[in-house]
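Read the structure below first, then the notes.
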There are 2 protein chains.
Amino acid sequence: MQDEDPGAAEMLARHLENFATLSPEEIAAIEATLALPVRSGSARRDLIVEGAPPRAVFLIVSGWACRFKTLEDGRRQIVGFLLPGDVCDLNNVLLARMDHSIGALTEVRYVEISNTALQRLSLEHPRVGQALSWQMLVTLSTQREWTMNIGQRNALERLGSLFCELSLRLQAVGLATPLGYDFPLTQTDLADATGLTSVHVNRTLQHLRAAGLISLSSRVLRIPDYAALEDASLFTPEYLHLDQRDTRRGHNLPGGVFPGGLAGR
Amino acid sequence: MQDEDPGAAEMLARHLENFATLSPEEIAAIEATLALPVRSGSARRDLIVEGAPPRAVFLIVSGWACRFKTLEDGRRQIVGFLLPGDVCDLNNVLLARMDHSIGALTEVRYVEISNTALQRLSLEHPRVGQALSWQMLVTLSTQREWTMNIGQRNALERLGSLFCELSLRLQAVGLATPLGYDFPLTQTDLADATGLTSVHVNRTLQHLRAAGLISLSSRVLRIPDYAALEDASLFTPEYLHLDQRDTRRGHNLPGGVFPGGLAGR
DNA sequence: CGAACATTTGAAGCGCGTCAAAGCCGGTGG
DNA sequence: CCACCGGCTTTGACGCGCTTCAAATGTTCG
């Protein structure tokens, strides 16, 4: 399902192009900024732990990671997935401590970008800065949707909505088609992300399969009729703000919204 | 409680001062930017509806509002509360359509600030810009906490955590003490915010009362022992990223900062 | 080929939802 | 000042979705 390994700059550009078409100069600037060593974290290893001071900004190049929080008694909630092209903790520098952890779900390749480098990129190429701001706003919007997903939807709708979201996000970076995608999550991961137990996830997946809405085996998710899955899940994709190109407002804001805002203290 | 109503600039300054102490010049700049007509929305009226293009930025001056989303079949989820001093939709200008609605829960007084004015303020006073960014990051962090709240906590913990969060946020702008605060929400509001039904909220409130953790009547919430409520709810305040001052556990403000106590307005 | 982990199945129980009706309270008008 | 009304709170009976506990059955990979 993947072509051959795209690099860091390629993944970021693919992602940001969902917000605005980038010029060759802008892409070159991204490439220059991201000419950094690619690190890797092995599956099931934590990249950042709650309570630690935030390090540099991360860009996922390949693999899946997640943000998660834990309660004192061990209950664990995955609060979001990090997919290739995602930039995380855009300007957490303003905060003293991480309020959640980041864990690798598969083998993950990523780069660490310094704040100042990102800031320079944003200042010199305002539309790139806007695109990065857009990504953060989408993260926020997605977090609101997750709140509703867990608060209001039943088990089948929760799982179906999650499959739809992941499909669209992966399609946005060329890693999925409407018919399916590589799916590395375990049922326990799905349980932690949806606020269900893995036992109930298992039973609900069987309902989804019986209804012909998905097939999931050997780490591949197939969606025979994507529209049907959306309907069954009451999923609507607007919160991802993917079709923004040329329809958005605020074209001429220089340097993102808070030009000074990305600076550390 | 408030002898005379604090104005828009006062509320914003109080809020931002949780991030950084502001200089007289910075405060003057905020006042100049916020010298705007105060509008008001009546209780239970929507200020912005999902799907509409974002208008200007809002600053809540007094009263409570909420962000909420609805499913096609009418299920409703409150995804966050907007309290005095909160700035909402900081830079939604980059997005074409609102992905959620904003509704007034009480009579609300607010000002609408143009993006350009906010941007100028941020440019000329970088620390104010940082403080505004800080507010947005805290909003994001809070949204993650809500995801965990609904996904992992039981009914009692959900309500208790919500009471704790509101207490700290209101204290941060001088509208609460650890002993309690004016509480305008109905049990239906609480249900929509916690992903429960109002019937179950009612029963859970009775448990909280029976355990001596809260008393809630005639729109006033009292918390006899704030630390006990935090413990019972597995609440930890780090995600709010407030400067750790006197609001932490085991510390009762004698008489409180507000000698009038919880006198209604 | 066996250890570790992931998926699947079964049985039993509880938390929370649903439905419905009864109090309660503040506000409004006669 | 009382009568009434609408919204909020409270209560009861009942049922279901999801959890819990436990064990069996794949599946992956050294």
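Naming convention: chains lettered A, B, ... in sequence-line order (proteins, then strands); numbering from 1 in each chain. Treat the numbers as computed from the prediction; the structure is a model and nothing was measured.
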- Message: Hydrogens and angles aside, do Thr70(B) and Arg76(B) bring a side-chain donor and acceptor to less than 3.5 Å of each other?
- Response: no

- Donor on one side chain, acceptor on other, Gln143(A) and Thr139(A), under 3.5 Å: no

- Query: More than 12 non-hydrogen atoms from neighbouring residues, nucleotides or ligands closer than 6.0 Å to CZ on Arg45(A), yes or no?
  - Reply: no

- Candidate nucleotides dT11(D), dT20(D), dC18(D), ranked by approach to the side chain of Asn202(B) - the nearest: dT11(D)

- Query: Taking the side chain of Arg219(B) as its heavy atoms from C-beta onward, which of dC21(D), dG12(D), dC8(D) lies nearest to it?
  - Reply: dC8(D)

- Contact boundaries of DNA chain C with chain B (under 4.0 Å, heavy atoms), 5' to 3'? dC16(C) to dC19(C)

- Query: Tyr239(B) and Trp146(B): aromatic ring centres closer than 6.0 Å?
  - Reply: no

- Message: Just checking Phe163(A) against Phe235(A), ring centres under 6.0 Å apart?
- Response: no

- Task: Scan Leu205(A) against the nucleic acid and name what it touches under 4.0 Å (heavy atoms): base, sugar-phosphate only, or nothing.
- Result: nothing

Integer-rounded Å distance: [N] [atom2] and [X] [atom1]:
X	N	atom1	atom2	value
Leu221(B)	dT9(D)	CG	P	13 Å
Asp192(A)	dC18(D)	CG	P	17 Å
Arg203(B)	dT11(D)	CZ	C1'	7 Å
Leu185(B)	dG7(D)	CG	C1'	16 Å
Gln206(B)	dT10(D)	CD	P	6 Å
Leu196(B)	dC18(D)	CG	C1'	14 Å

- Does Arg75(A) have a side-chain nitrogen or oxygen under 4.0 Å from the phosphate oxygens OP1 or OP2 of dT19(D)? no

- Task: Between Ser198(A) and Thr186(B), just flag the one whose closest nucleotide in DNA chain D comes earlier from the 5' side.
- Result: Thr186(B)

- Any cation-pi pair here, Arg219(B) with Phe183(B), using under 6.0 Å and within 45°? no

- Task: Any chance you could lay out the side chain to side chain contact (heavy atoms under 4.5 Å, CB included) test for Ser233(A) and Arg158(A), step after step, and finish with the verdict?
- Result: CA-CA 7 Å; Ser233(A) 313; Arg158(A) 287 187 214 178; over 6 Å; no

